[in-house]
Amino acid sequence: MKRILIGAVLVPVASLFAVSHARAADLPVPAAPPAYYPVATVYDWGGGYIGINGGYAFGQSDWGADPLNPSGLSSTGNFNVNGGLVGGTIGVSGQWGAWVFGETVATG
């Protein structure tokens, strides 16, 4: 009777361990995360634009009679070339595929 009782307890306990190892071996492998494909941003360079520009320059001009001057003029000059500049820009452009075409009008 003692043997039957030990066998009745030992066999179910041993089978639980065997089944648990078998289940662990059959678990599915975690799936890899989906591949990341960055989406290209669609951008169009077409459209109109308007702008303003400005600047300042300074300098000294000193020139005289040049024997290599083809005009034959022998005038001389010595003056400052300081001053500002203000201007505007207006334009329009369009994009077709990888090509950008445009037209600009600049005033100054």
Side-chain angles (χ1 to χ4, degrees):
M1 179 82 174
K2 204 176 199 183
R3 285 187 176 168
I4 294 175
L5 185 58
I6 291 175
V9 171
L10 190 60
V11 169
V13 170
S15 65
L16 283 175
F17 284 115
V19 169
S20 66
H21 289 299
R23 279 193 199 154
D26 293 340
L27 286 175
V29 177
Y36 174 71
Y37 297 107
V39 178
T41 330
V42 177
Y43 188 79
D44 187 9
W45 286 90
Y49 51 91
I50 186 169
I52 188 168
N53 51 40
Y56 187 81
F58 56 91
Q60 179 81 24
S61 176
D62 187 14
W63 53 282
D66 185 7
L68 300 176
N69 186 357
S71 68
L73 299 175
S74 61
S75 61
T76 61
N78 182 2
F79 51 92
N80 292 329
V81 288
N82 300 335
L85 171 71
V86 176
T89 304
I90 300 172
V92 64
S93 62
Q95 180 174 356
W96 292 274
W99 294 92
V100 178
F101 301 96
E103 182 66 31
T104 301
V105 176
T107 60

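The environment of Tyr56 atom OH is dense: over 12 non-hydrogen atoms of other residues, nucleotides or ligands sit within 6.0 angstrom.
With Asn82 contributing its side chain and Gly59 its backbone, the two residues share a donor-acceptor pair below 3.5 Å. No side-chain donor-acceptor contact under 3.5 Å links Thr89 to the backbone of Thr104.
Annotation: side chain of Gln60 is in contact with side chain of Asn80 (closest heavy-atom distance under 4.5 Å).
The shortest non-hydrogen separation linking Trp45 to Gln95 is N-OE1, 2.7 Å. Ser93 and Val100 make their closest contact through CB-CG1, 4.3 Å (heavy atoms, listed as atom of the first residue, atom of the second, distance). A pairwise comparison of heavy atoms in Tyr36 and Pro38 identifies O-CD, 3.6 Å as the closest pair.
Val92 and Ile50 fall into different hydrophobic clusters, where Ile, Leu, Val, Met, Phe, Trp and Tyr side chains are chained together by heavy-atom contacts under 4.5 Å.
Relative ring orientation between Phe101 and Trp99 is described as parallel, the plane-to-plane angle staying below 30° on a 0-90° scale split at 30° and 60°.
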